[in-house]
Asks: 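Let me give you the structure first, and then I'll get to my questions.
Please read all numbers here as calculations on a predicted model, not as lab measurements. Protein chains get the first letters and strands the later ones, always in sequence-line order, with residue 1 at the start of each.
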Amino acid sequence: MSIKETIKSVYYAVSNAKNKPATYLYPDKPLPTKDHSRGMLSLDLENCIGCELCYRICPSDAIRMIKVEKEKAKFKNNVRSEAPAIDFNKCIFCGLCSEICPPHVLHHTHKYDISTDNREDLMYDPFRLNEVFEKVIKDNADEYNLKKNDAEQKLTDE
Amino acid sequence: MIFNEIYSMLAYYLPPKANLIASALATFVLILIVLIATPIILGWVDRKFSARIQSRYGPIYVGKFGLLQNFADVIKLMGKNFVTNQYVDRFSYNLIPILSSALSFLLIALLPFGAPSLTFISLPYNLLFIYILLAFSPLLIIIASWGENNKFAVLGGFRSAAQITTYELALIVTFISIGIVNGSYDIINVIGSQSLIWNIIYLPLTAVVFFIGSIAVIERAPFDLPESSQELQAGWRIEYSGLKYGLFMIGDYVKLLAVSILFVSLFLGGWSGAFLPGIIWFWIKTVVALMFLMSLRWSLGRPRIDQLLSIGWKWLLPLSVINLIIVEVMMLI
Amino acid sequence: MNDFTDKLLKAFLNGLKASDGGTIELTDKKKLLKVVERVRKNFDILFMLTVVDRPPNFELNYVFSKYEGRDILILRTLIKHEESIDSITNLFPSADWEEREAYDLFGIKFDGHPNLKRILLPEDWPGHPLRKDFVVTDEIKNWTGLDLKF
Amino acid sequence: MEGRGIELNIGPVHPATHGVLKLVADIEGDTVKNAKVEIGFLHRGKEKIAELRYFNSYFPIVDKLDYVGALNWEILWASTVEKAMNLEINDRVKYIRAVMAEIQRIMSHLVYIGSFGQDLGNLTFFIWALRERELLMDIVEEISGGRLAPMYNRVGGVFYDFTDGIADKINTALSKIEEKVKKEYRAMTYENSLFIMRSKGIGIMGQKVIKENGVTGPNMRASGIKRDLRKDEPYLVYDKVDFEIITENDSDVYARFMVRVREILESIKIIRQLLKDMPKGDAKISAPWIMKVPAGYTLVRHEMSKGEGAMFLVTDGGLKPYRLKIRSPSFYSLQALPLVLEGCKVADAFVITASMDPVMGEVDR
């Protein structure tokens with residue numbers, strides 16, 4: 001019985017040649033992303049309240065709070081006029097910061113190809129994050145609207 | 001053969017002594033063309049076919065359907081510098097790639113390419129000469145692996161030497177039985193005498209034994225133990241890089257082509273076929289044999305070295321000897 | 001299961017006392033081998049060995065379990081930082097690597113252990129990282145272990 | 001080394017050892033005299049990190065423990081902290097977690113089968129197994145947003161609820177996998193004469209070696225010991241699901257392979273039952289993000305795809321764990337490896353190491 005199976009395995013291998021390959025041609029066609037998938041982060045700068053929670057919860061210390069001039073950032077109510085700067089070298093896209101953010105300011109976009117050839121480019125300061133927000137989230141707003149995670153937040157500071 | 005015709009056309013202009021040089025030159029150029037063409041075409045077919053089996057695309061970006069991919073690889077291999085390990089024994093390290101690839105090129109020169117006239121060298125006993133060329137490679141491999149001064153290489157080298165020597169015996173017995181049936185050891189006569197009944201109907205057992213033996217001798221498909229990448233990391237080729245490694249790759253594909261041509265001409269009756277002209281029949285059969293050989297590589301696992309040798313000694317050798325006896329009995333009736 | 005623990009408690013009156021949640025406290029560590037000897041009759045493997053660093057001393061929790069059913073026995077002992085304790089490798093062979101890891105990360109010496117060497121960290125790593133008083137000195141920061149000997 | 005054999009060290013960087021496992025084998029001719037296992041190349045000090053992280057922000061690190069079966073460890077960490085806080089989670093979350101745990105078990109076994117076929121020289125089978133795994137990977141990405149490190153559980157619940165389309169997507173993927181395992185994998189591996197030749201009767205691990213070294217999970221069940229934490233100590237909703245414990249009895253490489261193949265089919269059955277009677281309700285997270293956990297000791301054991309994993313959590317009432325000890329099943333099956341490797345052939349040494357399915361992430365912690 002096993003000899004028959006061995007010949008059948010050759011038949012299966014060869015007969016698999018006729019159906020379509022299962023791999024994506026990445027550089028030509030972009031990879032399909034799902035609606036929950038966590039890509040690059042984006043920051044809606046006006047509503048940020050500078051509460052430093054994302055800085056505290058980040059498991060890989062990728063977020064630092066940076067002093068930002070009030071007028072340039074057009075803050076609505078940011079007492080300390082600080083905003084998170086995310087270093088995408090360290091970020092592991094775990095999604096904790098975007099959950100814990102009380103004003104739901106940090107969003108995950110579906111952009112995953114953010115590699116550059118030097119490390120400094122990956123340090124995104126709040127304004128570049130805001131640009132990403134304007135470009136990616138504002139344009140296809142419907143795709144991200146269902147991003148509002150349905151888990152309501154109960155927040156206890158220590 | 002070929003250059004006799006070319007030479008007869010040019011004979012009028014050339015000085016009397018020129019025919020020798022011309023023939024040598026022509027052989028060299030033709031062999032070179034075939035040797036550059038085979039790895040590229042075969043390499044492409046192998047990669048595309050294996051990609052489709054594993055439901056992926058295979059080379060696509062270089063050239064129209066990835067056709068130039070192998071060409072680019074060969075150029076890349078040429079471009080790479082030779083990283084030689086300082087403990088390597090210089091002489092044997094540099095000698096073996098040239099020798100072993102020359103060996104497999106010589107193999108090509110003996111084989112017919114579709115028509116009685118289409119061979120490079122015609123010898124009345126070239127079957128035996130082919131056998132000697134195949135039997136010679138384990139010696140080179142041992143020298144190479146010992147010269148590389150690397151544990152994995154030594155393991156791989158001895159494995160391949162053991163494997164090839166066991167399967168050579170089975171092959172020689174099959175050659176003898178073919179010689180008896182067809183009365184001569186020259187491939188062209190063998191093909192000639194098969195025009196009515198192909199050998200495979202005559203000697204089915206020898207065909208099977210020859211097929212398994214030839215796979216083991218060229219170290220491919222399920223018996224690629226010496227360079228089993230999972231265990232010994234490319235076995236005895238571990239220290240080579242750049243074009244030297246490229247030479248081994250070319251040698252592999254050339255041997256693959258040689259074995260399939262041998263199988264077709266010895267058992268499937270070379271260029272004898274119904275209405276199509278001989279040469280087309282020949283190449284159809286070779287391509288079919290090649291595809292089957294390749295599909296084996298991508299669908300079967302790999303036996304252990306001692307199991308492989310036990311198959312060789314306990315199964316293949318007795319089978320071929322029994323077959324030899326049957327052939328003699330048949331000849332007597 | 002708890003009938004076994006009662007039998008155990010009766011057998012070693014002065015050495016053992018029961019504490020909350022079915023764990024057994026071993027007061028003096030010299031009786032460890034004898035207690036573990038008796039535990040062996042009822043439990044198949046040493047499931048895990050957890051060392052907790054309560055600064056003046058270490059707290060070793062031996063967790064034993066069986067190959068059927070759900071009962072676990074936790075044996076807890078307290079030893080000073082510098083003290084050493086007998087190794088139970090010859091009673092439970094699965095304790096071999098666990099004790100080497102405890103030695104590696106905490107620095108507890110187990111007497112009678114076949115080859116007490118570091119298991120996770122390289123041999124010449126300074127200090128024992130999981131101790132509460134472990135501070136990352138710059139000797140550790142620029143420790144590359146590249147003092148290759150040839 | 002008495003000088004006759006060679007000391008071949010199958011070093012940390014080698015295609016056949018899964019991850020960074022160093023195997024120093026003294027070889028004489030083609031047989032392995034004795035082998036020593038050295039680990040610690042992937043030691044990231046996860047237990048030290050546990051003392052510096054909040055409970056909820058420790059999940060990404062737990063995902064990296066067994067990077068092929070991350071969800072199982074996430075669920076274990078979530079239930080340990082929930083038990084420490086004696087927090088009750090509603091039934092829907094339990095069902096969702098059980099479904100995700102079983103999906104992760106199938107994916108982890110598929111990787112095991114694929115890399116096992118690849119070790120025997122059959123590259124096609126490796127890619128086929130990963131192609132099947134890709135079907136489930138897309139589903140995990142659709143549900144949780146992440147592929148290999150899904151970050152799906154939180155203390156007290158799961159982050160996204162199951163959308164309605166998910167159930168039949170899972171069913172189509174499972175039926176495709178089931179049909180492939182029954183048809184193509186049968187011919188390609190467990191009834192293929194070359195495969196059987198390479199795996200039957202090799203690397204036999206006696207029950208004595210298993211019991212002494214604390215080997216658990218499929219490696220143990222391959223020797224006939226009928227023990228599965230999902231049955232003996234049912235957690236989540238495994239008591240409401242009927243499945244049987246898969247055992248083989250001659251505990252060689254082939255038996256270990258067969259146990260995992262049949263466990264895939266078993267998990268498919270479990271998922272189908274779970275999806276059928278999944279209760280309504282919302283998978284809200286019933287705990288704050290940064291919270292205090294009452295002091296005490298908690299030990300929770302779950303059946304991981306590699307064996308019995310456990311977490312021993314010591315808390316002192318603060319926001320961060322005081323001490324966390326992770327019990328990883330591969331740590332123990334590697335302990336038994338040198339005993340099994342004695343006297344086997346060189347080519348088999350890799351096959352036996354692969355059959356133990358060690359994932360270095362959880363061994364070195």
Asks: Heavy-atom cut-off 4.5 Å, strictly under: side chain, backbone, both or neither for F312(D) against chain C?
Replies: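 The answer is both parts of F312(D).
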Asks: I'd like to know if K325(D) and E98(C) make a salt bridge, using a cut-off of under 4.0 Å between side-chain N and carboxylate O.
Replies: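 Judged by the 4.0 Å cut-off on N to carboxylate O distance, K325(D) and E98(C) do form a salt bridge.
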Asks: Residue by residue, scan residues 44-54 of chain C and write down, ordered by number, those that have a heavy-atom distance under 4.5 Å to chain D; if none do, write 'none'.
Replies: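 Answer by number: D44(C), I45(C), L46(C), F47(C), M48(C), L49(C), T50(C), V51(C), V52(C), D53(C), R54(C).
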Asks: Give the minimum heavy-atom separation between R70(C) and P234(D), together with the two atoms involved.
Replies: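 Taking R70(C) first and P234(D) second, the nearest heavy atoms are NH2-CD, 3.4 Å.
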Asks: Relative to chain D, which segment of L121(C) carries a heavy atom at a distance below 4.5 Å: side chain, backbone, both, or neither?
Replies: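 The side chain, not the backbone.
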Asks: Measuring from R323(D):CZ to N61(C):CG, what's the distance to the nearest 0.5 Å?
Replies: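 Spacing of CZ (R323(D)) from CG (N61(C)) equals 9.5 Å.
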Asks: Between I210(D) and chain C, which part of the residue has a heavy atom less than 4.5 Å away: side chain, backbone, both or neither?
Replies: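 Both backbone and side chain.
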Asks: Could you walk me through whether E38(D) and K117(C) pass the salt bridge (Lys or Arg N to Asp or Glu O under 4.0 Å) check?
Replies: CA-CA 11 Å; E38(D) 278 163 35; K117(C) 292 208 305 301; over 6 Å; no
Asks: Any luck finding a side-chain donor-acceptor pair between Y297(D) and E59(C) under 3.5 Å?
Replies: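 Their side chains do contain a donor-acceptor pair, which is all the 3.5 Å distance test asks for.
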Asks: Supply the atom-to-atom distance D71(C) CG to E233(D) CD, rounded to the nearest 0.5 angstrom.
Replies: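 Interatomic distance, D71(C) CG to E233(D) CD, rounded to 0.5 Å: 9.0 Å.
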Asks: Which value, rounded to the nearest 0.5 Å, describes the distance between E308(D) atom CD and S65(C) atom OG?
Replies: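 One finds 6.0 Å between CD of E308(D) and OG of S65(C).
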Asks: Using 0.5 Å steps for rounding, measure from the CG atom of L299(D) to the CD1 atom of I72(C).
Replies: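 Going from CG on L299(D) over to CD1 on I72(C), the span is 4.5 Å.
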